[in-house]
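Below: one structure, written as structure tokens.
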Amino acid sequence: MSMLSNQRLLRTVDALAEACSQEMARDDSVFLFGLDVDDHKAIQGSTAGLLEKFGPDRIFGTPLSEDAMTGVAVGAAMAGMRPIHVHIRMDFVLLAMNQLINMGAKAHYMYNGQIQVPMVVRCTIGRSWGQGAQHSQALHSMLMHVPGLKVVAPTNAYDAKGLMIAAIRDNNPVIIMEHRLLCNAEAYVPEDLYEVEIGKARIMSQGDDITILGVSHMAIESMRAAKFLKEEGISAEVIDPVSLRPLDMETIGNSVQKTGKLLVVDNGWLNCGLSAEVLASIAEQGLTGPDGQPVQVARMGFADTTCPTVRCLEDHFYPNGRTIAAKAYQMVKAQPTATWLPPEGVQPEIQEFKGPF
Amino acid sequence: MSMLSNQRLLRTVDALAEACSQEMARDDSVFLFGLDVDDHKAIQGSTAGLLEKFGPDRIFGTPLSEDAMTGVAVGAAMAGMRPIHVHIRMDFVLLAMNQLINMGAKAHYMYNGQIQVPMVVRCTIGRSWGQGAQHSQALHSMLMHVPGLKVVAPTNAYDAKGLMIAAIRDNNPVIIMEHRLLCNAEAYVPEDLYEVEIGKARIMSQGDDITILGVSHMAIESMRAAKFLKEEGISAEVIDPVSLRPLDMETIGNSVQKTGKLLVVDNGWLNCGLSAEVLASIAEQGLTGPDGQPVQVARMGFADTTCPTVRCLEDHFYPNGRTIAAKAYQMVKAQPTATWLPPEGVQPEIQEFKGPF
Amino acid sequence: MTQPELVQSLYQTMHLVRRFEEKLVELYPSDKIKSPIHLSIGQEAVAAAVCAPLNQDDIISNTYRCHATHIAKGGNLNAMMAELYGKATGCAGGKAGSMHLVEIESGILGASAVVGTTIPVAAGYALALKNEAKKTGEQRVVTAMFGDGSTEEGCFAETINFAVLHKLPILFVCENNEMAIHNPIERRQAISIQERVKPYGMPMGHVTSGDVFEMHDEVTRLTESVRAGNGPAFIEIETHRWLEHVGPNNDDDAPYRNPADLKKWKENDQVARLAEMLGTEKTAEINAHVEELVAESVTFAEQSAFPTKEELYTHVYA
Amino acid sequence: MTQPELVQSLYQTMHLVRRFEEKLVELYPSDKIKSPIHLSIGQEAVAAAVCAPLNQDDIISNTYRCHATHIAKGGNLNAMMAELYGKATGCAGGKAGSMHLVEIESGILGASAVVGTTIPVAAGYALALKNEAKKTGEQRVVTAMFGDGSTEEGCFAETINFAVLHKLPILFVCENNEMAIHNPIERRQAISIQERVKPYGMPMGHVTSGDVFEMHDEVTRLTESVRAGNGPAFIEIETHRWLEHVGPNNDDDAPYRNPADLKKWKENDQVARLAEMLGTEKTAEINAHVEELVAESVTFAEQSAFPTKEELYTHVYA
Ligand SMILES: Cc1ncc(C[n+]2csc(CCOP(=O)(O)OP(=O)(O)O)c2C)c(N)n1
Ligand SMILES: Cc1ncc(C[n+]2csc(CCOP(=O)(O)OP(=O)(O)O)c2C)c(N)n1
Ligand SMILES: [Mg+2]
Ligand SMILES: [Mg+2]
């Protein structure tokens, strides 16, 4: 992360609120709307203070009408405004697919550049405390499938602010996928306005033995895995893709050519997902490791099931630092049946998380 | 295709209508509904005769309400009926994503097996005659992403009938993806009731030099490519996956171990798509060809753009027999820049197709 | 049912709902229930009234705020509590939790946490029951529960139209607590639900009094109309949520609350009212029984095992 | 505008639409236009009336059946015909075709082939214009065109509610030809559109006569109400599609047709009526001009080049 002045430790939600507030002050075509954005809970605090500062014309709650409200965002964007539409869970975006994909993603192309759709869709992936089948989905892979859309997934407060600003200024529909467990995570965030480039991955920790690409919350779990692996003398390079579409295959490709091994850990299902895309792209390019051998690849992600509610099943639904480390260990040691598992570690954002929501 | 008695040459749409008719006669819990299913055009003829035979209680048009009508299908299925819900274009399924994914795909799991959702969703991919951005999408990859759904894509009348019957009898939501250009293609179809197994691919033509996996209409184009390649002395094994989720990776894997080369030609976008999944799966398994080298892989599909309306751009949006052959040629000859292109061929289903719809 | 029997029956249901949920309030800080809970405390009368005219094989379709109707429709209390604990003995083996309670043998169609989704699903079930009645001659009915907020989703309008068009055997019940999370209805809806629905010509009811007997009479009248084959009916029942939207706490002083409303509704508490009507002796008897049921459900839940990890992979496909 | 001027202006617009589309009917068998065309022959009066009170910088939002309003709103005829041919000079360079016509400098927001999608999009545009007016003091208006079928989509109900709630400067125009493809309205809608919309309290109109002057007066009244800041208005205009749903042909004897209806509407043809009002001389003058415009558009389209293949990759992202 580049060094900018006036850094403060901020929670991700505060960084998001700050980004919106600064952009709304800078550009009066920006407005923010969605269910519950203007209540006292303020979407975990991520919209806090905006109503007081900008009034109900520029931040307002809506009826429960995700489909039409997405259309309203599309239309307002076509007219030159810069709407930010907020969903408190990504699962509800399934109600907005028609507008997002049939209109939002296509208008600029279909109308041959005459119209732009500079809109932002914020949505949060739920997890823990029994979010269950319908409040825990991460649908980025579906959205990544569609030309015309951009998708980003900040995993820390710094990126959250910089991506939010970049997304607002982008002239295309940008989906910002947040993660409920990361809402309160703190990072140093500059006071100034800055953009985090959409389309650039970030190397979170350098390493030589294996590349681990961790998406959204799995970037955090991958860092945990890297720590476990270090104790075994394995040096993992952890990459946070930050931007999912466009995806920075160059950074990933460079890393795997150095390590010769790639483990993609998606915060989502595998089938036809981001992890498939990355593995396919590496294979298609025929990338090789330092030994000249093809890069060895593997992927992890949500179990190929619906998400169960009870914690003891949920624990097996998601990869975690230990299972990621174990998989990486097998790959590095070239022992596919090795059963080494790191000791139980702490996952404060999970262990400390208590709903009710 | 197995040999059953009483084969007749039937169009795909006639085969679909026959399958529905026979299943509706056999099982009175089956019903068929959707926009325009009961008019004189009868969804290109694929629902012809049903109204006369089964009356308006079991085949009926609906209001323009894709979201709720999908919910109605889910609910009726939960109650033990076997609805077939028809969309004349797959693009409209984007309006049904919430019901399909949040309810249809999850109910059986979320309710721990207490409830089943034996429903069928038929939808047609449009192409040609300026179907354009919003009438040409193939969204199978999005649906394949979701545990709980099944997705099949018949490319001939035989499979259309057999898959329709299998889908009706399946106790899960099954999406049948048809292709507008294949509606009138004829094949021999048994009079009897038979199922085509969901989850089994079909080898369309045997070959040793390269495996070409062609999805939906691209199975036809891949067969054309194989013909071109044959004239160059290249023997391509063409596989039609038939079923997309579950996907028969075993048949594909066996083939690539024989040929050492795989070209996936999807009838859809590449990014996070079926083609990515197949390549990832091959790479993950570390499959090798007869020479012990890793399988060489590549993929083709829709251009990474919205679909344009005018034919001259559309022609470049889709792969075709010639471009597929050219790509396969490069792979087999190990000349990535080889510029061989087969002569112009006939694509009667495209050249003869005249809308208006 | 005689009037005293009705009073007793409604009281027992309401009190059971109340006590079950008060038990949840008590248990929740122990973190044994790890799932969002949307309580119906204050709204029990609706569930009791709505379920009163239903047979076991009639169907109720629920939202995530489903404890009250789950109990009122006759859901097994032990399996319900076990589900909230995420136990293998839960009504969905721990996979559902509070937001997706289900018990098909009691006619309880699975609940959904996506607002509005169950409305067309309920209509689809009703379509099947209309079909069934042609063979059996007996019309089972579907009661579709939903909040005021659901009526803003497009699928509500789509479903109402379809149900009227097909004369489906469904009673739409809008449980109007005038809130969607913290967002008051007047900031979400341009006109009243009554005005919007009236033109469809369904038999309609609108209970604003909070009076459980009025609810009961109206629901009974409309359910019987549905059962008689007259097609769908619609009722809106005004009520008030006493606790926070999700979770076990009061949020009396949250800015979205109007304290006068809360006070008015608490003074209009139907549980207390019916207890008084029944007299201390009868009430004590019922209460004792209710306490046993609730206590038993907790014991059952506590003593049950969690599902084994293999369960993660069961029932993905049927 | 004086009454004679109005007659002339409405006639010219309607006749231009009619002749442009008749030219398409003639051209279509040549296969030069390779895209589904949804013609408005028989419905021209609606477009002429709706666009009459609009300024160039007002916005019209269209469905796939968009030729008539594209012309009436002042869309460039050459660029329009070129678009139907798929030429680089088309209003969207061949990427749009008939179903997605667009010309933002004439206030024509791109059309959509997914029924209902443009309704909330139009409302979003109106939200922006409401905002703009706070700064400029001038209220531009959005006219949202849609068919009777669109009103069954959930987003219609969602949008109406939102528009009324936010007092958006939008005129909703339901062009009711009583058909969605071949499906008559009474088999799709349980109650009339008027009944459904009336409760929202918007200024409303309902023109059943087919009379272009009545349409014009009603649309003008409502557009001015919207422009004056009174919030949304709604008008339903009954009309009849003379040709098949999509394509250039008659389908008079298709089973879904009621020949009496078609006959009645053809006898009520506003193009013929206004021609008569204008007299042969004036009509001939206008007609000659129209023929020139149409012929010129064909020549322009024919002589224009197709886009180069690089165009496939332009404008994916802005
Ligand atoms: C489609 C959808 N949008 C938003 C939400 C978030 N949400 C959960 S409950 C709720 C309020 C629903 O209000 P209402 O229907 O009146 O039910 P109540 O909670 O008052 O019983 C909202 C907006 C959701 N679960 N689903
Ligand atoms: C969401 C959606 N569903 C179905 C279709 C198929 N379709 C195309 S036009 C049409 C009829 C629409 O009727 P109406 O809104 O009355 O417009 P009209 O064609 O009569 O002008 C239908 C169902 C579609 N394009 N989009
Ligand atoms: Mg409510
Ligand atoms: Mg119509």
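Quick caveat, the model's predicted, so the values are computed rather than measured.
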### Query
Tell me, side chain or backbone of D:Lys130 under 4.5 Å from chain A's heavy atoms, or both, or neither?
neither
#### Entry: Region of D:Ala126 that comes under 4.5 Å of a non-hydrogen atom in chain A
neither
### Query
With only heavy atoms counted, which part of A:Pro147 is less than 4.5 Å from chain D, the side chain, the backbone, both or neither?
both
## Note on the structure
Interface check, chain D: of A:Pro173, A:Ala77, A:Ala68, most non-hydrogen pairs under 4.5 Å belong to A:Ala68
### Query
Under the side chain to side chain contact (heavy atoms under 4.5 Å, CB included) criterion, do A:Phe31 and D:Leu127 qualify, and how do the steps go?
CA-CA 11 Å; A:Phe31 70 99; D:Leu127 183 72; 3.8 Å; yes
### Task
Would you mind telling me which of D:Glu153, D:Glu105, D:Lys134 has the largest number of heavy-atom pairs within less than 4.5 Å of chain A?
D:Lys134
### Message
Please classify the contact of A:Met110 with chain D as side chain, backbone, both or neither, using a heavy-atom distance under 4.5 Å.
### Response
both
### Query
So, for D:Lys95 and A:Tyr109, which heavy atoms are closest and what is the spacing to 0.1 Å?
CD-O, 3.4 Å
#### Entry: Interchain contact, A:Met81 with chain D, by part (heavy-atom threshold 4.5 Å)
side chain
### Leading residue by heavy atom contact count with chain D [cutoff under 4.5 Å; candidates A:Ala73, A:Ala79, A:Ala105]
A:Ala79
### Query
Is there any residue in residues 222-236 of chain D with a non-hydrogen atom under 4.5 Å from a non-hydrogen atom of chain A, and which ones are they?
none
#### Entry: Heavy-atom contacts under 4.5 Å, residues 155-162 of chain D to chain A
D:Cys155, D:Glu158, D:Thr159, D:Asn161, D:Phe162
### Task
Give, as side chain, backbone, both or neither, the part of D:Glu83 having an atom under 4.5 angstrom from any heavy atom of chain A.
neither
### Query
Taking A:Ala107, A:Pro118, A:Ala76 one by one, which has the highest count of heavy-atom pairs under 4.5 Å against chain D?
A:Ala76
## Note on the structure
One option among A:Leu149, A:Val74, A:Asn171, A:Asp170 has the most heavy-atom pairs under 4.5 Å with chain D, and it is A:Leu149
### Task
Under the side chain to side chain contact (heavy atoms under 4.5 Å, CB included) rule, what do D:Leu109 and A:Ile115 come out as? Steps first, then yes or no, please.
CA-CA 9 Å; D:Leu109 201 56; A:Ile115 282 172; 3.9 Å; yes
### Task
With a 4.5 Å heavy-atom cut-off (strictly below), which parts of residues 112-124 of chain D touch chain A? List them by number.
D:Ser112, D:Val114, D:Thr117, D:Pro120, D:Val121, D:Ala123, D:Gly124
### Query
Between A:Gly113, A:Gly75, A:Pro63, which has the largest tally of heavy atom pairs under 4.5 Å with chain D?
A:Gly75
### Summary
Most heavy-atom pairs under 4.5 Å with chain A, out of D:Ile104, D:Leu129, D:Leu165, D:Leu168, belong to D:Ile104
### Message
Within a 6.0 Å radius of atom CD on A:Glu250, are there more than 12 heavy atoms belonging to other residues, nucleotides or ligands?
### Response
no
### Task
Report the C-alpha distance between D:Tyr317 and A:His108 in whole Å, list the side-chain angles of each, state the deciding distance to 0.1 Å, and finish with yes or no for side chain to side chain contact (heavy atoms under 4.5 Å, CB included).
CA-CA 7 Å; D:Tyr317 288 94; A:His108 186 63; 5.8 Å; no
### Query
Heavy-atom distance under 4.5 Å to chain D: side chain of A:Asp57, backbone, both or neither?
side chain
### Query
More than 12 heavy atoms of other residues, nucleotides or ligands under 6.0 Å from CD of D:Glu195: is that the case?
yes
### chain A contact residues among residues 53-65 of chain D, heavy-atom distance under 4.5 Å
none
#### Entry: Contact origin within A:Gln114 toward chain D - heavy atom pairs under 4.5 Å
both
### Task
Give a yes or no answer on whether the side chain of A:Tyr111 reaches the backbone of D:Cys91 with a donor-acceptor pair at less than 3.5 Å.
no
